[in-house]
*Asks:* 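Quick one: the structure is below, questions incoming.
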Amino acid sequence: MQFSKGRVRGGGDGSGPSDGHHEARGPAPTDMPRDVPFDDPWYDALASGWGEAGTVAVPVPAARQGQGPRPEQDDDLAAAEVYLDVQRSPAFQEVRSRYRRFVVPATVAFFLWYVAYVVAATAAPGLMARPVVGAVNVGLLAGLGQFLSTFLLTWAYARHARLRRDRAALELRWDTQELTRGARGGAA
């Protein structure tokens, strides 16, 4: 029998459904072992091994049991200051500005192109049905243009990132890691 989130899950005792589906059977009994996973809304039962044969429940981490702060907490606060300093730095602001100068206009242009296609398809069906070559009409070409523009925008974004931001962002990341390592007293 396995436990998850304070509920008893089906087991091999014959008392539960045998079709592979397990039901929650209400609150766990008071004689439940101490190594039951803590009740966490983000607890992923499948990732934790629930439902797999031969798994053992993970005990509650010490930080969740109400014990005092971790010894590394001061180091974490120093590292947080490093990240805030980097965020305020001109180099970070430049990388962020380059990102926004590309993404905002590209997003607006692509959204307007998408809305124009939808509006034209609903408001001007005669225009969209106008034949261009044989059975190919304006609506079909505009729809294929949606796919083409998606691929072109993806290519343009990757190129812009590679040429305008990646090197500066990588240098900023390297500097941040070095500063963080120094703030933690040389620990990795």
Side-chain angles (χ1 to χ4, degrees), residues 4-5 20-21 37-52 58 61 63-64 70 72-73 75-184 186-188:
S4 174
K5 296 176 103 174
H21 292 61
F38 52 93
D39 189 20
D40 184 356
W42 298 106
Y43 178 74
D44 187 353
L46 292 176
S48 68
W50 177 81
E52 298 174 9
V58 178
R64 293 284 189 143
R70 301 174 308 184
E72 309 92 27
Q73 196 166 14
D75 293 341
D76 291 343
L77 291 174
E81 283 299 319
V82 167
Y83 284 104
L84 288 174
D85 290 343
V86 168
Q87 184 180 10
R88 293 181 199 115
S89 73
F92 181 83
Q93 295 302 324
E94 179 62 25
V95 169
R96 194 167 165 183
S97 174
R98 288 178 184 177
Y99 171 77
R100 286 183 178 161
R101 279 189 301 233
F102 179 84
V103 169
V104 171
T107 301
V108 169
F110 188 77
F111 183 73
L112 289 175
W113 161 232
Y114 176 76
V115 169
Y117 173 73
V118 172
V119 169
T122 56
L127 171 69
M128 299 298 266
R130 183 173 295 166
V132 176
V133 175
V136 177
N137 59 21
V138 173
L140 182 61
L141 288 178
L144 292 174
Q146 291 283 315
F147 286 102
L148 179 63
S149 64
T150 302
F151 292 121
L152 286 175
L153 184 62
T154 303
W155 171 80
Y157 175 80
R159 183 176 187 274
H160 180 269
R162 186 180 69 247
L163 296 177
R164 310 265 186 212
R165 292 191 326 263
D166 284 353
R167 184 178 304 267
L170 196 59
E171 289 172 4
L172 200 60
R173 181 180 177 190
W174 180 260
D175 293 343
T176 304
Q177 288 178 347
E178 290 297 317
L179 289 170
T180 304
R181 198 171 287 126
R184 290 185 176 166

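All values below were derived from every heavy atom in this structure, side-chain atoms included, with hydrogens, water molecules and symmetry-related copies excluded.
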*Asks:* So how far is it from R100 CZ to T107 OG1, rounded to the nearest 0.5 Å?
*Replies:* 12.5 Å

*Asks:* Show your working on side chain to side chain contact (heavy atoms under 4.5 Å, CB included) between S89 and L172 and close with a plain yes or no.
*Replies:* CA-CA 10 Å; S89 73; L172 200 60; 4.3 Å; yes

*Asks:* Applying salt bridge (Lys or Arg N to Asp or Glu O under 4.0 Å) to R98 and E94, what does each step give before you reach the verdict?
*Replies:* CA-CA 6 Å; R98 288 178 184 177; E94 179 62 25; 3.0 Å; yes

*Asks:* Name the orientation class of the two ring planes belonging to Y99 and Y157 (parallel below 30°, tilted from 30 to 60°, perpendicular beyond 60°).
*Replies:* perpendicular

*Asks:* Let me confirm one number: the CH2-CG distance from W174 to L179, rounded to the nearest 0.5 Å.
*Replies:* 12.0 Å

*Asks:* Hey, could you give me the CD/OG1 distance between E171 and T176, rounded to the nearest 0.5 Å?
*Replies:* 11.5 Å

*Asks:* Tell me, please, which residues at least two apart from A109 pass side-chain contact (heavy atoms from CB on, under 4.5 Å).
*Replies:* none

*Asks:* Of all heavy-atom pairs between A169 and V95, which one has the smallest distance, and what is that distance?
*Replies:* N-CG2, 4.1 Å

*Asks:* Hey, what do you get for CZ (F110) to CD (Q146), rounding to the nearest 0.5 Å?
*Replies:* 5.5 Å

*Asks:* Taking all heavy atoms of W113 and all of A142, pick out the closest pair and write down the distance.
*Replies:* CZ2-O, 3.7 Å

*Asks:* Show me the donor-acceptor pairs, under 3.5 Å and distance only, between side chains in residues 116-132 and residues at least two apart or in other chains.
*Replies:*
unit_1	atom_1	unit_2	atom_2	d
T122	OG1	V118	O	3.1
T122	OG1	V119	O	3.2

*Asks:* Counting heavy atoms not belonging to R101, are there more than 12 under 6.0 Å from its CZ?
*Replies:* yes

*Asks:* To the nearest 0.5 Å, what is the distance between CG on L153 and CG on L148?
*Replies:* 11.0 Å

*Asks:* Tell me whether S97 contacts the main-chain N or O of Q93 through its side chain, where contact means a donor paired with an acceptor under 3.5 Å.
*Replies:* no

